[in-house]
Amino acid sequence: MLSPKLQEAINDQINKELFSEYLYLAMADFFAAQNLDGFVNWMMVQTQEEHFHATKFINFLHDKGARVALKAIAAPQADFKSPEEVFRAGFEHEQFVTASISNLVDIAEKEKDRSVQTFLQWYVTEQIEEEANFDKLLNKVKMAGASGPALMMLDTEAAKRVYTPPPATGANPGAGA
Ligand code: OFO
């Protein structure tokens with residue numbers, strides 16, 4: 001059984017993951033308005049990742065016999081000055097999520113809940129990739145600068161990104177990892 005404090009903290013994290021999905025949908029929409037279809041695809045794949053992050057937490061609460069408290073999702077930023085600003089905002093958002101996961105780990109440690117500590121390790125590792133993905137693209141977009149052809153090359157590269165759901169393993173197959 002989860003402590004009320006952990007249950008509340010996980011519910012807050014579910015809201016953050018769903019907000020991440022919302023934020024990247026807004027970024028996809030911004031790129032669609034610029035006709036940068038490869039970046040639209042990249043962001044749409046990212047929204048699928050975020051949806052998975054949220055539902056993995058939801059499945060975990062279900063497995064622990066706890067209720068999910070779905071809260072209102074804040075409206076994300078819709079307009080950006082440039083692709084560089086989009087990827088910088090994404091990178092900073094991922095750093096915020098990493099700090100939030102780290103805070104959850106701290107709470108689980110204080111509550112001495114080993115099952116939550118173990119479960120959270122997947123997110124700790126996942127955040128390394130989440131930050132790196134945005135950081136790499138941010139740096140490439142920065143290097144492209146005002147060069148239209150360089151940006152188009154990056155857009156073509158971004159069009160190749162595909163969503164690969166994590167394999168279903170362990171005692172929580174509904175969560176997919
Ligand atoms: Fe992007 O890692 Fe979840 O929020």
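Note that these values count all heavy atoms, side chains included, but never hydrogens, waters or copies made by symmetry. Every number for a ligand or one of its atoms is a count from 1 in the order of the listing.
Residues Glu130 and Gln46 form a side-chain contact, since some pair of their non-hydrogen atoms from C-beta on lies under 4.5 Å apart. Side-chain contact between Tyr22 and Thr47 is absent, with no heavy-atom pair separated by less than 4.5 Å.
Taking the six-membered ring for Trp and the full ring otherwise, the centers of His93 and Phe19 sit less than 6.0 Å from each other. Note: Phe87 and Phe39 meet the aromatic proximity criterion, with ring centroids under 6.0 Å apart. Aromatic pair Trp42/Phe134: centroids less than 6.0 angstrom apart. Taking the six-membered ring for Trp, Phe52 and Tyr163 have ring centres at least 6.0 Å apart.
Numbered from 1 in the order shown, with element, the atoms of ligand 1 that lie under 4.0 Å from a heavy atom of Gln46 read 1 (Fe).
Take a cut-off of 2.8 Å around atom 3 (Fe) of ligand 1: the protein N, O or S atoms inside it are Glu17 OE1, Glu50 OE1, His53 ND1.
Under the 4.0 angstrom criterion for non-hydrogen atoms, His93 is not in contact with ligand 1.
Ala9 approaches Leu104 most closely through the heavy-atom pair CB-CD2, 3.5 Å.
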